[in-house]
2 protein chains.
Amino acid sequence: MKLQQLRYLREVAKHGLNLSVAAEALHTSQPGISKQIRLLEDELGVDILVRNGKRVVDVTKPGRVILDIAERILQDTENLKQVGREFRDQAAGTLTIATTHTQARYSLPNVVSAFKQKYPKVRLTLQQGSPPQLAEMVMAGEADIAIATEALDQYPKLLALASYQWRHCVVVPEKHPLLKESRVTLEMLAQYPIVTYDLAFAGRSHIDEAFRARGLAPDIVLSAVDSDVIKTYVELGLGIGIISARAYDVKRDRNLRAIEAGHLFGTMTTRIAVRRGTALRGFAYVFIELFAPHLTRAVVDATLMGEGSSYEL
Amino acid sequence: MKLQQLRYLREVAKHGLNLSVAAEALHTSQPGISKQIRLLEDELGVDILVRNGKRVVDVTKPGRVILDIAERILQDTENLKQVGREFRDQAAGTLTIATTHTQARYSLPNVVSAFKQKYPKVRLTLQQGSPPQLAEMVMAGEADIAIATEALDQYPKLLALASYQWRHCVVVPEKHPLLKESRVTLEMLAQYPIVTYDLAFAGRSHIDEAFRARGLAPDIVLSAVDSDVIKTYVELGLGIGIISARAYDVKRDRNLRAIEAGHLFGTMTTRIAVRRGTALRGFAYVFIELFAPHLTRAVVDATLMGEGSSYEL
DNA sequence: CTTGCTTACGAGACTCGTAATAATT
DNA sequence: AATTATTACGAGTCTCGTAAGCAAG
């Protein structure tokens, strides 16, 4: 049995059981893939792929189990390399954070600068995307950590830990009638055109749910992935905005006023997620702890241990 | 990175960091081992072994982590082969049970015959040893399942599940004075020479503890690993025996009488243990369930899942 | 008739074992 | 002096890529 065979197999599975595409992805030849997979099947004594004549059409039952185990083995080989990198220079490397615009813009700046100070040699990369995209990035190993309020706890392959809670606020232009109210209600909000987050972002699901529960049909005139975009359009008078209270800054947002709205939409939990079974670099733990001080290395490892298993670096 | 390199590394670690011995164990040459390990170190970019000139004297800190991961990878390659065997013929293979004499003689016969009837093609092997030896056997992969009352829950690498409970009894020759007592006490027993289990067997620890707690120093004239041996010497008049109540059979042991003694030594729990991270053959689950009906496959897998992780075969 | 898997074959890399070398105990 | 690791080198194996063959859509 060769690791190469497992790599080939994984790649074939990943590319819809098409050996040619897998070969291309691996920069090698179709025949090589074909042969090595057959050798693996011979050695294990079972068919992994279901062939219809000369087409691969499915994965056999044992094949599915084999794919799972192969995946874990390959994951571990990655972990071995990670260990090497980690010890060669504890303080150098790359950390890729997959997150939403709002996090990147309003939650991470402090963390990032503190981290950079501590690990000047670590190359930090911020990837942006929708929460499901972030999850995919981490699962594919393209990012080390995902941070988002939505979706992250929906993937068994990820370990999603609650890192902080926040609430929404309403932003309006100066002198907006809503500013006279001592305590806004959903009914009041529903009378104005609304600008807020795109579906699948930053608690939008809670917003929709809150209105629906009261039988209200709010007029969402614009949705965006991005608190700054929302604020811009509110300034333009397009409507009132519903954004994260964290994304409103009294000093910076001089043309806007914020109205407390936590009581309307409930409390959101922002989660930080890593892929299970992956050995994290030491500085990745530090990043997590900077972001959410209660998530110390001991806590993260303990949670990982209880499920997959991780290694002390 | 090659699986072979990981195998070499593991073997070196297993044989006290002696490349020569490892080479011998693997039926290959020292230079091969040396070279492959160096190649692995080169690829990972860290030293794994600490060399003092030309002697290997220790494992580096990263080396320890690497060994752990390598171990898991190799374990998984074994699991892959296991999957092959499993699917090639679901009902054939080998099941090795490591257990104590007492279990083999008094608890397993029913289970074994039921199992044999269900899986006539499976080759069953019973290995005997002391509980720590049994644990070692399972951890080394020499046995699939260990069954014993002592020690099995002391090893993190093993998953030990309670399978049944039992109590001790006192066996004496016919017409022994103790038979006149309605309810024996530890003090009464301490007046006679005692024959019982060897240290580390079948609840001997509880026996010692019970006497010690009452400040009694029983006269253990003979200890054996084996209920039959104990009974034989009791028949010879060497002393009174303390054995598992399960090991006394009214019909078979005509020359002996049993006296209830559960109240003196407490309740013992016999455990069944498997190695964590190992893919069990389907029939191994069946064996476990035959032995302890509450330990269904679902229960065992759920417990394994919660910790390492297993694969559905 | 195009796409895609398998078989055939040859070049090149790599593993492994023997022999020689060097460093510890 | 004996044990043990490393270096050197050559034989044999194996992987991989090209080319040809062939089955399926």
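Note that these values count all heavy atoms, side chains included, but never hydrogens, waters or copies made by symmetry.
Annotation: salt bridge (Lys or Arg N to Asp or Glu O under 4.0 Å) contacts involving residues 34-51 of chain A, sequence neighbours excluded, comprise Glu41(A)-Arg51(A). Pairs passing the ring pair (Phe, Tyr, Trp, His ring centres under 6.0 Å) check and including a residue from residues 119-142 of chain B, sequence neighbours excluded, read Phe115(B)-Tyr119(B), Tyr119(B)-Phe283(B).
For the helix from dC1(C)-dG25(D) to dT25(C)-dA1(D), the axis fitted to the five pairs at one end and the axis fitted to the five pairs at the other end meet at an angle of 40° (nearest 10 degrees).
A heavy atom closer than 4.0 Å to some atom of DNA chain D occurs in Pro31(B), Ser34(B), these being the qualifying members of residues 29-37 of chain B. Near DNA chain C, meaning a heavy atom under 4.0 Å from it, residues 9-22 of chain A has Leu17(A), Asn18(A), Leu19(A), Ser20(A) in order of number.
With a heavy-atom cut-off of 4.0 Å to chain B, the contacted part of DNA chain D has its first and last nucleotide at dT3(D) to dT7(D).
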Between N or O atoms, less than 3.5 Å apart, protein on one side and nucleotides 10-13 of chain C on the other: list the pairs.
none

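For Asp58(A), the side chain to side chain donor-acceptor pair (under 3.5 Å) test picks out no residue, with sequence neighbours left out. Contacts of Ser223(A) classified as side chain to side chain donor-acceptor pair (under 3.5 Å), with partners at least two apart in sequence or in another chain: Asp198(A). Listed by chain and residue number, Leu67(A) satisfy the side-chain contact (heavy atoms from CB on, under 4.5 Å) test with Ala13(A) (two or more places apart in sequence, or in another chain). Qualifying side chain to side chain donor-acceptor pair (under 3.5 Å) partners for Glu11(A), counting only residues two or more places apart in sequence or in other chains: none. For Arg85(B), the side chain to side chain donor-acceptor pair (under 3.5 Å) test picks out Gln82(B), with sequence neighbours left out.
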